[in-house]
Every structure is written in structure tokens, then in C-alpha cells.
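Some notes on the structure that comes next.
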Amino acid sequence: MKKVSRIIISLLCILILSNIIIFCKTLYERNEQKNLILVNVENPLPEEYSVDLSEIAEGVMVADRIEEQLVKMIQDAADDDVYLKIVSGYRTMEEQHQLYVDEIQLFVDEGYTKMDAENMAKQWVAVPGTSEHQTGLAVDINAIEDKSTGEDAYLWLAYHAQEYGFIRRYPPDKVDITGIANEPWHYRYVGKKAAIEMNNENKCLEEYIGVEK
């Protein structure tokens, strides 16, 4: 009887462990898919989208799930004598709208027509609802001026960001695909596996997930 009980208990333990493994695998796959969300003019942020946020720097919020790797990346860069700072992270719809309006006004002040100013602004600032910053997965990273140069910061990120799950989202050779001008400071979290594959294959996010213009 005791032997039968031990067998039953063992089988139950195996069943429970299997269910835990399946659950963890499913959760991981769902998070991986969430990390690959495409947000642009053709693919606006879903209305039901929500994200849990953490404060990474004073007044700068990012998605919870990218905080650990982002902090590690900044620390490791400092170990290489490259000092980085996060200048922008998550943005609300209102914040994105104000940035967009301000960018249009800059071009208007330079003498462009309203229509031309809007077209120019879209190359640098996403239309509200179509910005990756609204996902909490994108950050703008610059150098701490009195410790490093922008060139040092961008070079280090270009070589190492994928090791932490980040990609340079808008490189100069992918403008025709992304529709966004070269931004060496803008990095997007996609997860380590995807980031390394994209880097090795020289693909942007649109190419990687098979959604191109």
C-alpha cells in the first residue's frame, strides 16, 4: 500500500512539474511576442495595450520587463569607460502629441508650409499613437557629456546592445523600410534571442517579423 502511495505521489509530482514547465514556457513565448510588437504609422498602438512601468531614472519610466537588462547594459558600459544616460523612455499619448506639435512648429518657424512641416516632422517624431515610446519598450540613450562623447556612446551601443536584448531601431540603411530617419540614440527592447538574430542578419524589426512596406 505504501509503495502504491509513493508511486501515486511521484506521478502527481511529475504531473505538477510538467504543468509548471508548460505554463512557464507559454508565459515566456507570450512575453517574447509582446517584445516584438510593431508600432508605426501602419500599425498604431492597440487601444487595449497596457504596460507595467518602473522608474529607470528621475522622471523616466520604462516597461518593468526591460529594466533589469537596461540597468545592466548601462553598468557594463560604465565598466568600459562609456557613460550612458536614458533621456527618454515611456511617453503618454499627451506627451507624444506635444512633442509632435512642437516639432511641426520648429519647421514652420524655419519657413516651411504647414503641410511640408508636418511631413518633415514625421521623419523625426512619430504621430501620437504610432510611437514606440508609448510601448515602454523604447529608450533614447545619450552620453553623460562630461564623461563620454556621443560618438563613444553610439559606438558602444552599436556593438553591444543586442547582448542585452536591445536593437538600434532606426539605422541609416533601413530608412526606406522603417520610414524613420537615422536615430543612433533610439534603442528598442526585443529580447536577447531576437536582438542577436537581427544583428547577425542585419535586419530591422519589420524585416525580422516579415512586415515591410
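All values below were derived from every heavy atom in this structure, side-chain atoms included, with hydrogens, water molecules and symmetry-related copies excluded. Numbers here simply count residues along the sequence, with the first being 1.
By the criterion of side-chain heavy atoms lying less than 4.5 angstrom apart, applied directly or through intervening Ile, Leu, Val, Met, Phe, Trp or Tyr residues, Val39 is grouped together with Tyr49 in one hydrophobic cluster. In the hydrophobic cluster analysis, where Ile, Leu, Val, Met, Phe, Trp and Tyr join through side-chain heavy atoms closer than 4.5 angstrom, Ile37 is grouped together with Val139. Put simply, Val108 and Trp124 are part of the same group of oily side chains (I, L, V, M, F, W, Y) that touch within less than 4.5 Å, one to the next. Hydrophobic clustering, with ILVMFWY side chains joined whenever heavy atoms are under 4.5 angstrom apart, keeps Tyr100 apart from Leu45. Cluster membership check: Val125 shares its hydrophobic cluster with Met120, using side-chain heavy-atom separations under 4.5 Å among Ile, Leu, Val, Met, Phe, Trp and Tyr.
Between the side chain of Glu207 and the main chain of Cys204, a donor-acceptor pair closer than 3.5 Å is present. Side chain of Gln96 to main chain of Ala126: a donor-acceptor pair is present (N/O by atom type, distance under 3.5 Å, no hydrogens or angles). One N or O on the side chain of Lys174 and one on the backbone of Asn202 form a donor-acceptor pair closer than 3.5 Å. Listed for the Ser148 side chain is a donor-acceptor partner under 3.5 Å among the backbone atoms of Tyr83. For the pair His186 (side chain) and Asp140 (backbone), a donor-acceptor distance under 3.5 Å is absent.
Atoms CD1 and CD, on Ile56 and Glu68 in that order, are 10.5 Å from each other to the nearest 0.5 Å. In this structure, CD1 on Ile74 lies 12.0 Å from NZ on Lys85, to the nearest 0.5 angstrom. If you take CD on Glu118 and CD on Glu103, they are separated by 12.5 Å, rounding to the nearest 0.5 Å. Between the NZ atom of Lys114 and the CD1 atom of Ile104 there is a distance of 6.0 Å, given to the nearest 0.5 Å. Rounding to the nearest 0.5 Å places CD1 of Ile66 at 8.5 Å from CE of Met73. Separation of atoms OH (Tyr170) and CD1 (Ile177) is listed at 13.0 Å; rounding is to 0.5 Å.
Contact detail for Ala143 and Gly150: the closest heavy-atom pair is CB-N, 4.0 Å. Here the closest non-hydrogen pair linking Val51 and Ala63 is CG2-CB, 3.5 Å. For the pair Arg188 and Asn35, the tightest heavy-atom approach, listed with the atom from each and the gap, is NH2-O, 2.7 Å.
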Checklist line | Full working for side chain to side chain donor-acceptor pair (under 3.5 Å) between Tyr189 and Gln69 | finding: CA-CA 9 Å; Tyr189 186 80; Gln69 288 302 311; over 6 Å; no

Next item on the list: Evaluate the side chain to side chain donor-acceptor pair (under 3.5 Å) criterion for residues Gln98 and Asp102: first the C-alpha distance (whole Å), next the side-chain angles of each, then the deciding distance (0.1 Å), finally the verdict.
Entry: CA-CA 6 Å; Gln98 190 59 55; Asp102 290 347; 2.8 Å; yes

Next item on the list: In sequence, state the C-alpha distance, the side-chain angles, and the governing distance for Met93 and Gln134, and then conclude on side-chain contact (heavy atoms from CB on, under 4.5 Å).
Entry: CA-CA 7 Å; Met93 183 71 80; Gln134 292 177 250; 3.6 Å; yes

Checklist line | Audit row: Gln105, Val101, side-chain contact (heavy atoms from CB on, under 4.5 Å) steps and yes/no | finding: CA-CA 6 Å; Gln105 190 59 50; Val101 169; 5.6 Å; no

Note to self: Set out, in order, the CA-CA distance, both residues' side-chain angles and the distance that settles side-chain contact (heavy atoms from CB on, under 4.5 Å) for Asp76 and His160, then state yes or no.
What the structure shows: CA-CA 10 Å; Asp76 288 351; His160 297 287; over 6 Å; no

Notebook entry, point to check: side chain to side chain donor-acceptor pair (under 3.5 Å) between Arg168 and Asn182: does it pass, once the steps are laid out?
Noted result: CA-CA 10 Å; Arg168 180 176 174 177; Asn182 174 36; 2.6 Å; yes

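In this pair, Trp185 and Tyr154 present their aromatic rings tilted. The plane angle is within the 30 to 60° band.
Side-chain contact between Leu38 and Leu36: absent, with no pair of heavy atoms (C-beta onward) separated by less than 4.5 Å. For the pair Leu137 and Lys34, the minimum side-chain heavy-atom distance is 4.5 Å or more. Counting only heavy atoms from C-beta outward, the side chains of Leu70 and Ile86 approach each other to under 4.5 Å. Side-chain contact between Gln162 and Glu197 is absent, with no heavy atoms from C-beta onward closer than 4.5 Å. Side-chain contact between Glu55 and Val60 is absent, with no heavy-atom pair separated by less than 4.5 Å. Proximity of Ser131 to Leu99: side-chain heavy atoms (C-beta onward) are nowhere separated by under 4.5 Å. Looking only at side-chain heavy atoms (C-beta outward), Met198 and Leu205 come within less than 4.5 Å of each other. Between Phe107 and Asp116 the shortest side-chain heavy-atom distance does not fall below 4.5 Å.
Taking the centre of each ring, Tyr187 and Phe166 stay at or above the 6.0 Å mark.
The one candidate from Leu157, Ile144, Asn142, Asp152 that meets the side-chain contact (heavy atoms from CB on, under 4.5 Å) condition with Leu84 is Leu157. Each of Glu95, Arg91, His97 was evaluated against Pro128; a single residue qualifies, His97, per the side-chain contact (heavy atoms from CB on, under 4.5 Å) test.
The pair Glu183-Arg169 does not meet the salt-bridge criterion, since no charged nitrogen lies less than 4.0 angstrom from a carboxylate oxygen.
In this structure, Tyr159 places its OH atom where only 12 or fewer heavy-atom neighbours from other residues, nucleotides or ligands lie under 6.0 Å away. Around atom CD of Glu201, more than 12 heavy atoms belonging to other residues, nucleotides or ligands sit under 6.0 Å away. A 6.0 Å sphere centred on OH of Tyr112 holds no more than 12 heavy atoms belonging to other residues, nucleotides or ligands.
Counting only N and O atoms by type, the side chains of Thr130 and Asn40 include no donor and acceptor under 3.5 Å apart.
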